[in-house]
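For reference, the structure is listed below as structure tokens.
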Amino acid sequence: MAKTRVIYWFRTDLRLHDSPALKAALDLNPAAFWPIFTWDPHYVYRARGGLNRWQFLLDCQNDLSKSMSKLNPKLKLFVLREAPQSLFPKLFKAWEVTHLVFEKDTDSYGRERDQVVMEAAKKAGVVVIVKSGRTLWDSDEVVKKNGGEPTMSMAALRAAGGKVGKIPRLIPSPQRLPDPGEMPVDFEQDQPDPAPDLNASRRTEKDTGYKSIAGPSGDFAIETMEELGFPSATTPHRGGESIALERLDKIIQDTKYTATFEKPNTSPAQFDPPATSFLSPFLHFGALSVREFYWRVQDVVDAYGKGASSPPTSLTGQLLFRDMYFAAQAARGAVFHQTANNPSCRFIPWHLPSKTDPSTGIVTGEYHVDSDTAEAWFQRWKHGVTGFPWIDALMRQLKQDGWIHHLGRHSVACFLTRGGCYVDWERGAEVFEEWLLDHEPACNAGNWQWLSCTAFFAQFFRCYSPVAFGRKWDKEGALIRKYVPELKDLDAKYIYEPWKAPLPDLKKAGVRIKGDGLSDKEDRTYPKPMFDFNERRQICLDAMKKAYDVGLHGADKQVLDGSWKELFPDSDTSEVRGEHDTDDEDGGKKRGRESHAGEKRAKPKNTIAAAFKKQKK
DNA sequence: GTATTTGTTGCTAGT
DNA sequence: CACTAGCAACAAATA
């Protein structure tokens, strides 16, 4: 039998423990074994990612690399800087590869990319082995068992998951890793097109990541922030499998915490340490196996007996929600991330709706500014200067640290959409996509749909108050004092509503309530609240009720051809815009989602189609 | 089929 | 501090 020469392709599974795919690779008993990572231009240029997440990715790569070197000093994580689509055909030949092994990807770009690579492997006579390991159950199997439909409820997910089978148990960790073979790269490097570079605004230096396939020293080194032209990250949170396993160990040792965990009883105001596990960023990069997390918790719960919490509020319940969103995304594909053409997403005539590419039906990454007021509100929300300290603290924590508690996400998401600004959930999802360390496309889109009451959840009359909700958890305003230092000396009585504080109190605290926080920001000032919340809450409630009565969904004809507008006769005056908003300069023309009459056709910016000029089916 | 209950986590004003 | 009713009222699951 010919000797097996195996490439193990790490992607979003940056770990050695409990990896079904890695086990499959090692079971081949390779004569040559290359653990590689492809530095993919799609992520480098076409995916939004804040500095904190880039840093976290590098942390995970470096930790994994070190762990492999410990098992075999001849090994490390070999990074090759080229698009996998063009790289692999050359690699198969140059390295005389017999097998390619990787963990199944679940996102739309990942699936398209893997299809291309698998075709190339077939052509080259390379055997491809793919194993599911990113979710508790293979999402495609869950969808099949759910009648081909997206899993839109916990009940549906659990029923379908049960039919797929038992969640796989822990796989023994590798004790040794085989030697790599020779690694010639004496072939031409396909240079990526750096435009458009969605990360350009973050670079302070030129990106030099693609100078050569094997990196600046020709040793397949992991890229660095400097090479990518990025300044330092601001987050205190660090990535890597070692940290993830330590953290998990610590949680599991606390049997009471693990067995009785109930998400709604954990505080969104607690930050040091967070009230929840803080393992989601590690799950995102695959530095922790979700199945290992599940079973180690479940074993504690089973042993604990009476008094243990149960899904959906328990720790394992959180993981089930993750699988629910993954399976819903698997069923819907790319439109899961948008309203247009998404049959399970309710249509609400939000402000700042996305532009859609008529040829693909996919959003372009640009949006209509139908209201200057809404745009100003959105910018103030994004940058944490709404004048509501609870909201601002959370948004600044998100930007600075890359993580906020789940209930904090609820609070700011409700505020931006159905409970305040009436701005499209897709705008908020984009900001989270950029700033969250644990940004998981399926969970992000799903949770934004949930909070905006466009799918998964519908009780829009349950509205988070930017004052009361925070105060319930944090009377003294510790979170605000940390992330909104302008207010750190203000009396607790006014910390959630500084505009109500008497002048002497403000003076004592050394702060003035002034301006909008964006323009001409003066020292020792904090902005006035950008609207009367109770007034906005009522306007939004009425508008939501109206939209629910109309009952349109994202794939309905009226939504796609723009005729939905006839069903919302007052949509650009009273109930949607509110009394502050009198601008009507475009007469609502720009608000049609598909009928771009008189408009230049927007170029797709953030789509696979644009990146690789491939036709979507 | 209809009616009732349930659903990860609202707010206020009460006991 | 834990719990409840009332607020107005959605959609899916269950009886």
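In the text below, chain A, chain B and the rest are named by the order of the sequence lines, each starting its count at 1.
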Every protein N/O lying under 3.5 Å from an N/O of nucleotides 9-13 of chain C:
unit_1	atom_1	unit_2	atom_2	d
C:dA11	OP1	A:Arg346	NH2	2.2

- Whole-angstrom distance between C:dA8 and B:dG7, as gauged at atom P: 24 Å

Closest heavy-atom pair, A:Ala244 versus A:Leu279, reported as atoms and distance to 0.1 Å, is O-CD2, 3.9 Å

Atom CG of A:Leu315 and atom C1' of B:dT8 are separated, to the nearest Å, by 13 Å

According to a strict under-4.0 Å criterion, is A:Arg462 in side-chain N/O contact with OP1 or OP2 of B:dC11?
no

Taken to the nearest whole Å, CZ/A:Phe469 to C1'/B:dT9 is 7 Å

Between CZ of A:Arg158 and C1' of B:dT8 the distance, given in whole Å, is 12 Å

Note: contacts of residues 266-282 of chain A with DNA chain B (heavy atom, under 4.0 Å) are none

When rounded to whole Å, the OH to P distance for the pair A:Tyr464 and B:dT8 reads 13 Å

The ring pair (Phe, Tyr, Trp, His ring centres under 6.0 Å) partner of A:Phe415 among A:Phe378, A:Phe388, A:Trp377 is A:Phe388

From the list A:Lys382, A:Gln400, A:Gln397, side chain to side chain contact (heavy atoms under 4.5 Å, CB included) with A:Trp435 holds only for A:Lys382

A:Asp299 meets the salt bridge (Lys or Arg N to Asp or Glu O under 4.0 Å) criterion, sequence neighbours left out, with A:Arg169

Cationic N near anionic O, under 4.0 Å, A:Glu241 to A:Arg15:
no

In whole angstroms, the gap separating P of B:dC11 from CZ of A:Arg471 amounts to 11 Å

Practice task
Count the heavy atoms belonging to other residues, nucleotides or ligands that lie under 6.0 Å from CD of A:Glu476, then report whether that count exceeds 12.
Solution key: no

**Asked** Is it true that A:Arg238 and A:Glu246 make a salt bridge, defined as a side-chain N closer than 4.0 Å to a carboxylate O?
**Response** no

Ranking B:dT12, B:dT8, B:dG10 by distance to the side chain of A:Asn447, first place goes to B:dT8

| When all nucleic acid strands are considered with a 4.0 Å heavy-atom cut-off, which category describes A:Trp450: base, sugar-phosphate, or nothing? | base

Per-nucleotide protein contact along nucleotides 1-6 of chain C, 5' to 3', at a 4.0 Å heavy-atom cut-off (B base, S sugar-phosphate only, - neither), is ------

Closest non-hydrogen atoms of A:Ile404 and A:Leu394, given as atom of the first, atom of the second and distance, are CG2-O, 3.3 Å

**Asked** Taking 4.0 angstrom as the limit, do A:Lys545 and A:Asp549 come out as a salt bridge?
**Response** yes

Residue pairs meeting salt bridge (Lys or Arg N to Asp or Glu O under 4.0 Å), one or both in residues 442-451 of chain A, sequence neighbours left out, come to none

field: Check: A:Glu535 main-chain N/O paired with A:Asp532 side-chain donor or acceptor under 3.5 Å
entry: yes

Atom pairs, N/O to N/O, protein against nucleotides 2-4 of chain B, distance under 3.5 Å?
none

Here the distance between atom P of B:dG10 and atom CG of A:Asn534, to the nearest Å, is 17 Å

Between CH2 of A:Trp473 and P of B:dG10 the distance, given in whole Å, is 10 Å

When rounded to whole Å, the NE2 to P distance for the pair A:His406 and B:dG10 reads 11 Å

- Rounded C1' spacing from C:dA11 to B:dC11 in Å: 22 Å

So salt bridge (Lys or Arg N to Asp or Glu O under 4.0 Å) across residues 141-166 of chain A, not counting sequence neighbours, yields A:Glu141-A:Lys144

Stems field, DNA chain B, Watson-Crick or wobble, 3.5 Å, at least 3 pairs, by first number, holds B:2-7 with C:10-15, B:10-15 with C:2-7

Residue pairs meeting salt bridge (Lys or Arg N to Asp or Glu O under 4.0 Å), one or both in residues 449-472 of chain A, sequence neighbours left out, come to A:Arg471-A:Glu497

- [ ] Pick the C1' atom in B:dT8 and in C:dA5, then give their distance to the nearest Å.
- [x] 22 Å

On the six-membered ring of A:Tyr548, is A:Arg346 placed so that its NZ or CZ lies under 6.0 angstrom from the centre and within 45° of the ring axis?
yes

Under 4.5 Å between any side-chain heavy atoms of A:Leu319 and A:Leu315, yes or no? no

Taking the C1' atom of each, how far is B:dT6 from C:dA9, in whole Å? 14 Å

Exactly one of A:Phe271, A:Phe282, A:Phe278, A:Phe56 clears ring pair (Phe, Tyr, Trp, His ring centres under 6.0 Å) with A:His237, and that residue is A:Phe278

So salt bridge (Lys or Arg N to Asp or Glu O under 4.0 Å) across residues 248-264 of chain A, not counting sequence neighbours, yields A:Asp249-A:Arg296

The complete set of side-chain hydrogen bond (donor to acceptor under 3.5 Å, both in side chains) pairs with one or both residues in residues 272-287 of chain A, sequence neighbours excluded, reads A:Ser280-A:Asp438, A:His284-A:Glu440

Given the options A:Phe568, A:Trp564, A:Tyr367, A:Tyr422, A:Trp350 meets ring pair (Phe, Tyr, Trp, His ring centres under 6.0 Å) only with A:Tyr422

Expected list for residues 318-328 of chain A near DNA chain B, using heavy atoms below 4.0 Å, is A:Gln318, A:Phe321

Original post:
Given the rule in the salt bridge (Lys or Arg N to Asp or Glu O under 4.0 Å) test, do A:Asp140 and A:Lys104 qualify, once you have shown the distances and angles that lead to the verdict?
Top reply: CA-CA 11 Å; A:Asp140 296 321; A:Lys104 184 170 178 175; 2.7 Å; yes

- Message: Does B:dC11 have its OP1 or OP2 closer than 4.0 Å to a side-chain nitrogen or oxygen of A:Lys472?
- Response: yes

